[in-house]
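Single-structure report; data block below.
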Protein chains: 2
Amino acid sequence: MRISEKPLKEKGIRVTPQRAHVWRLLAESGTHMSAQEIWERTREVLPGMELSTVYRALEALREANLVVESHLPEGPALFEAHVSPHPHLVCERCGEVFHPEASPEIIRGLLAALAVGGFEVHELHVVARGLCPGCLGDEGGKRGGVRVEGERG
Amino acid sequence: MRISEKPLKEKGIRVTPQRAHVWRLLAESGTHMSAQEIWERTREVLPGMELSTVYRALEALREANLVVESHLPEGPALFEAHVSPHPHLVCERCGEVFHPEASPEIIRGLLAALAVGGFEVHELHVVARGLCPGCLGDEGGKRGGVRVEGERG
DNA sequence: CTTCATGCAAATTTTTTGCATATCT
DNA sequence: AGATATGCAAAAAATTTGCATGAAG
């Protein structure tokens, strides 16, 4: 078979149809999915696919740094093909998860700050809960955001 | 009873011994705990305490903005008395969770960046996985951190 | 041909829920 | 009194594991 298995080979992890399809799904979609979703969509191509296999494939891909796993405030973990660290914004109202690219300077600043404590960061996760632009419009009068230490009242 | 129930009253949530003790535990310890840990330690004072009650108390406290819930890459959620947003650093080797105060500028920068997308942030979570100073020392030769887009190779 | 991934089934872990009763305001 | 939290038991959700077999390097 000739799927998008190059990255797996390069990383030196064993290539199987299951892993290759999971990887392809994430890489081609360019977005995040739960293990369930990945399972359902992989089954269409590999009917015998098991959910536990999805988890094991994702773990292998994650260890190979091809995939990132994010734990949000609610629901199952989300997986996506690895790109530069970027925030995940979860809307409290519609539940949608947004993932804008964060400016590298912000991320670098964060990493630098963490490094001050002598910590070597391998993975960085930024997750925010709040209201997305769409739902903000619907909410009329609400207001108020995160209060940061040292801010003026 | 006369525990540390003032904040609960002020927030207008019903005060019960269970909630007051959960709150006191978190506020006095100044650190994070899993629901299990809170349960075990609350039972010492309230023998009939149920784990489900701990979860329900934590949810009430969270909605009142007295408590913050963090979902780390592994294990159960951790809860702590609400303070300004700060990172959680999880050591991959020893499993310890560190929570240094983050400089307000960094956090503000992050919030500002997120606001650009029109998102109103209510909660912000920064979670990093990596190696803590102690474990870094033990590891001899390892190296490598998070690669940020736009960095020099 | 040896090592490791998969399928299948079952177990674990973490969190949530229904309902009768007790407690708070 | 009226609203809501708790205890208890059971369920749901998410993820992990054991083991025999099959596929990959």
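Basis for what follows: all heavy atoms, side chains included, without hydrogens, waters or symmetry-related copies. Each chain gets a letter, A, B and so on, in the order its sequence line appears, and its residues count up from 1.
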### Query
So, are B:Arg129 and A:Glu69 salt-bridged, with charged N and O less than 4.0 Å apart?
no
### Task
Check B:Phe79 against B:Ser34 and note the closest heavy-atom contact, atom names and distance.
CD1-C, 4.5 Å
### Query
If you check the A:Arg19 side chain, which of C:dA5, C:dT15, D:dT15 turns out closest?
C:dA5
### Query
For B:Trp39 and D:dT6, what is the distance between atoms CH2 and P respectively, to the nearest whole Å?
15 Å
### Query
What is the distance from NE2 of B:His21 to P of D:dT6, rounded to the nearest Å?
13 Å
### Task
Starting at atom CE of A:Met33, determine the distance to atom P of D:dA14, rounded to an integer number of angstrom.
17 Å
## Note on the structure
Taking every heavy atom of B:His125 against every heavy atom of B:Ser70, the minimum-distance pair comes out as ND1-OG, 3.8 Å
#### Entry: Which atom of B:Trp39 lies closest to which atom of B:Leu51, heavy atoms considered
NE1-N, 3.3 Å
## Note on the structure
Here the pair of heavy atoms bringing A:Ala128 nearest to B:Leu114 is CB-CD1, 4.0 Å
### Query
Rounded to whole angstroms, how far apart are CZ on B:Phe79 and C1' on C:dT14?
10 Å
### Query
Rounded to the Å, how far apart are B:Glu40 CD and C:dT14 P?
12 Å
### Query
Taking CZ from A:Arg62 and P from D:dT15, how many angstroms apart are they, rounded to a whole number?
13 Å
### Task
For DNA chain D, find the residues of residues 50-61 of chain B with a heavy-atom distance under 4.0 Å and give them by number; none if there aren't any.
B:Glu50, B:Ser52, B:Thr53, B:Arg56
### Query
Does a side-chain N or O from A:Gln18 land closer than 4.0 Å to OP1 or OP2 of C:dG7, or not?
yes
### Any A:Arg14 side-chain nitrogen or oxygen under 4.0 Å from OP1 or OP2 of C:dT3
no
### Query
When we call it a touch if two heavy atoms are under 4.0 Å apart, what does A:Ala77 touch: a base, just sugar-phosphate, or nothing?
sugar-phosphate
## Note on the structure
Scanning both residues in full, the closest heavy-atom pair of A:Pro73 with B:His71 reads O-NE2, 3.1 Å
### Message
Please determine whether a side-chain nitrogen of the Lys or Arg among A:Glu37 and A:Arg41 lies less than 4.0 Å from a carboxylate oxygen of the Asp or Glu.
### Response
no
### Task
Rounded to the nearest angstrom, tell me the gap between atom CG in B:Leu46 and atom P in D:dA5.
17 Å
### Task
Nearest whole angstrom, please: distance from the C1' of C:dC24 to the NZ of B:Lys9.
11 Å
